[in-house]
Every structure is written in C-alpha cells, then in structure tokens.
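Data first, discussion second: the structure below is written as structure tokens.
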Amino acid sequence: MTVHLPLNSVGLDDIVLSDDVCGLATILAKNKKLPSVIYGETGTGKEEFAKIVHKRRCVLESNIPFISVNCANINNDLAASILFGHVRGAFSGADKSTEGLVAAAHGGILFLDEIQALSYEVQQRMLRVLNDGSYNRLGDVKTCYSNFQVIAATTKDLDEEVEKGNFIIDLRSRLLGVEVKLPPLRERKEDIPKFIDIFTRQNKVELLDQEKQQLVDICESYYWQGNIRQLFQVLSAWVALCDGHLNVDRFPSYKSMFAPRAKNSCDYDHYVEVLDAVTQAIGLYIPLNTAIETIESFILRNAIQDAGNLTEVYEGMKLSRNNFYIKRRKYGLTTEVMTE
C-alpha cells in the first residue's frame, strides 16, 4: 500500500489523510504488537507516519512514549549501550548506569530510522528483545523487559539487504507486519500546491493567485532529490532571501533539486536520434519543426545536466525564465532521470 504523507514541518493538524491511510494507522494503533516497516527516500515522511500511529495510540491509551532512533547516527561501539543501556563499569568511561532507549520505549513505540544501518552485533541483540521483550544491559546479568511496538524505516530494500548479507534474516522475519511505501515528491507533484498552501499558511506568507501559480510552476519543474523536506527548506530559504518583498524570480535553486547527473550525459543513443532527425529533415522525410524540436530537446537535456543550475542554463541560452520552464515541460525534462 502506498501512502502520501508530509513531514514534521508541515504539522499533523494540517493533513487530510485518505481513508486507506487512516485505516492503516488505526490498524497499527489498535494492534500494538504489530510491527511495521516504512520504505521511502529521504524526506518522504517516514517518521511522520510513525508519529501519526503514535497520535492514534495516544487517543486510545492516553499518553505513551515515542522514542525515535536514527540508527545511521549511532556509533557502532556505543550502539548497544544507547539502545539497551549499561551498568557502571561495563566499559571504559561508563561512570554511571543508564537504562537505554529500549527501556524508555516501554509501553509505547520504538521508531528505528535507517534500521539497515545497525551493526551485525546490534541486529543480533534486537532479535531477542523483539521476540519476547527480554534483554540485558551491557555488563549486567540481570534480565530486563520492555514491551513496545517497533516501527522501522529504511531507504533500502530489506529483502535485498538480506540477500547481500547485510541484514539478518531472522530480524527481517521479526519485522514482518505492515509495510508502507512512501512515494517520492516527483511522483506526486499534484500535491505541491497543497504543500505550498500549508507553508504559506503556517508562515503567514501572502501570495496573489498569479504569484502562487508561478511558484507552483517553478516547484513542479524540479526533481527534488530531498523530497518534501527539501521543498519546505527551499521555500523557507526563498522567503528569507526575499526579506519581506516576495518575488518568485528570486526562488533559489540547488543542485540536489535536480535529477542525479549521469556520468556521460551526452550518450550515444541521443546523438544518433539527433543525427537521424537532421538526415530525415534534409531528405524532406520529416517537417523542419520536428527536427528542430529533437535538437532543442537534446541541447536542453544535456545543458541542464552539465550546468546543474537553471539560472545558468536559461541565461546562457538567452531565454526568459518563463520560456525556459515552458520548454522543460514541453520536452518532459522536469523529472527525467538519466541512468548512469
């Protein structure tokens, strides 16, 4: 099931969820022993979905803990201690005992972001606590217990990680439950006007209808590698740069807003396509406009990839900004990914 969700900066109260998404979050809230794995690129709203489940559980059970762990940021040498705690003297520098995040999640939700980044040792330790809630703090023989619902998030396919030997199959099995796939922003550009509305409302930004449409057109022309999170960050930067005098012509652009660049942007197939169009036009087999459009598309595609900056492209080609965006949409160059 694919769900559409915004990020923390958007705010849960601003979201109108579909019936399917509401039902999915409610299922997880009502079945607190049911685990979940959320798949999606960075910035697509994985933690936000976990917080929606938490919000629904709080309605049913009153306040419960929500413990968020970014597994990619945990130092491997300290990961076990951070998650499971330790007793004083368990290792050099352990001058006092700690309970750990697993203990803190008791009765609530343990959100493990980028779970594929956990070290093999910590993955092994997670097997036991996800099986029956039991675990040991580092340096302690006493068995502890924590009853929590695990929600994991990942930018990788866990089944592929298992095949590569990076993820323990038993841990993958313990995470089987509800799987959610969050689409990237480039696949849901019809929602960009909604996100802009939310941003302008929250930040008390006033735009005329024409200005808003221009802003939407600009935002829809980008690829957004950082997805919804990046959209809100760039909108914030735009407001700051305008310093009280909003102007869509000052909308900033960064390389990560474009599609990933290919190693060889001017590939052989596209050269052949252009040469073929020229040959056919000379032989009077195709209209001149058709050949010109093929050449124009080729030039724009490669210029965008090589420059990585829209302003540099349309100024270098002596095009107006609006004309440039029209041509990008005409040739489908707003979301195209060039394979390496």
Side-chain angles (χ1 to χ4, degrees), residues 1-71 83 101-118 123 126-135 145-159 161-162 167-168 170-184 188 191 227-229:
M1 178 180 293
T2 299
V3 298
H4 291 177
L5 295 173
L7 301 183
N8 294 337
S9 57
V10 179
L12 295 176
D13 293 336
D14 291 299
I15 304 170
V16 179
L17 296 176
S18 68
D19 291 340
D20 287 342
V21 175
C22 288
L24 187 60
T26 301
I27 288 172
L28 285 168
K30 290 182 176 179
N31 298 271
K32 54 189 179 182
K33 291 185 178 181
L34 190 63
S36 178
V37 177
I38 310 168
Y39 293 93
E41 296 179 6
T42 180
T44 50
K46 298 184 291 294
E47 183 170 0
E48 190 70 12
F49 178 76
K51 288 185 175 182
I52 289 172
V53 176
H54 174 250
K55 184 176 182 179
R56 279 160 171 66
R57 280 195 58 182
C58 286
V59 171
L60 296 173
E61 309 171 45
S62 71
N63 292 333
I64 61 169
F66 179 89
I67 305 300
S68 178
V69 184
N70 189 330
C71 301
L83 286 170
L101 297 178
V102 166
H106 178 68
I109 293 174
L110 180 65
F111 176 66
L112 299 174
D113 195 12
E114 299 291 352
I115 190 173
Q116 80 284 348
L118 285 178
Q123 288 185 43
M126 289 300 302
L127 289 175
R128 181 183 172 193
V129 72
L130 292 182
N131 184 55
D132 60 7
S134 65
Y135 65 97
Y145 292 90
S146 182
N147 180 22
F148 58 86
Q149 181 177 32
V150 62
I151 299 180
T154 177
T155 55
K156 300 288 185 68
D157 186 315
L158 292 186
D159 293 319
E161 292 301 296
V162 169
F167 204 76
I168 300 175
D170 286 345
L171 180 56
R172 176 71 183 100
S173 298
R174 282 165 171 74
L175 293 171
L176 293 177
V178 174
E179 296 199 345
V180 181
K181 295 182 180 179
L182 302 183
R188 50 178 303 200
D191 290 331
N227 294 292
I228 307 166
R229 179 185 295 118

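Residue numbers run from 1 in the order of the sequence given. This one's a predicted model, so the numbers in the text were calculated from it and none came from an experiment.
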**OP:** Taking all heavy atoms of C71 and all of L112, pick out the closest pair and write down the distance.
**Re:** SG-CB, 4.0 Å

Original post:
Given side chains that start at C-beta, do those of I115 and L158 come closer than 4.5 Å, heavy atoms only?
Top reply: yes

Subject >> Heavy-atom side-chain proximity of R188 to I228 below 4.5 angstrom >> reply: yes

Subject >> Atom of I52, atom of A25 and distance for their closest heavy-atom approach >> reply: CG2-CB, 3.9 Å

Original post:
Taking the side chain as C-beta and beyond, is there a heavy-atom pair between R56 and L60 under 4.5 Å?
Top reply: no

Subject >> Separation between CG of L171 and CG of N131, rounded to the nearest 0.5 Å >> reply: 11.5 Å

Original post:
Is there side-chain contact between V150 and R174, with heavy atoms separated by less than 4.5 Å?
Top reply: no

**OP:** Specify the closest pair of heavy atoms between A105 and F148, including all atoms of both residues, with the distance to one decimal.
**Re:** O-CB, 3.4 Å

**OP:** Please report the closest heavy-atom contact between P184 and E41, naming both atoms and the distance.
**Re:** CB-OE1, 3.7 Å

Subject >> Whether K46 side chain and D113 backbone form a donor-acceptor pair below 3.5 Å >> reply: no

Original post:
Are any side-chain N or O atoms of S36 and backbone N or O atoms of I151, one a donor and one an acceptor, separated by less than 3.5 Å?
Top reply: no

**OP:** Check Q123 against I168 and note the closest heavy-atom contact, atom names and distance.
**Re:** OE1-N, 2.9 Å

Original post:
For residues 146-157, which residue pairs qualify under side-chain hydrogen bond (donor to acceptor under 3.5 Å, both in side chains), counting only residues two or more places apart or in two chains?
Top reply: R57-Q149, E114-T155, Q116-T154

**OP:** Evaluate the side-chain proximity of P183 to T44: yes if any heavy-atom separation is below 4.5 Å, no if none is.
**Re:** no

Original post:
With side chains defined as the heavy atoms from C-beta onward, is the minimum distance between K51 and E47 less than 4.5 Å?
Top reply: yes

Original post:
Considering all heavy atoms of both residues, which atom of Y145 and which atom of D132 are nearest to each other, and what is their separation?
Top reply: CD2-O, 4.1 Å

**OP:** If the plane angle is over 60° it's perpendicular, under 30° parallel, otherwise tilted; pick one for F66 and H54.
**Re:** tilted

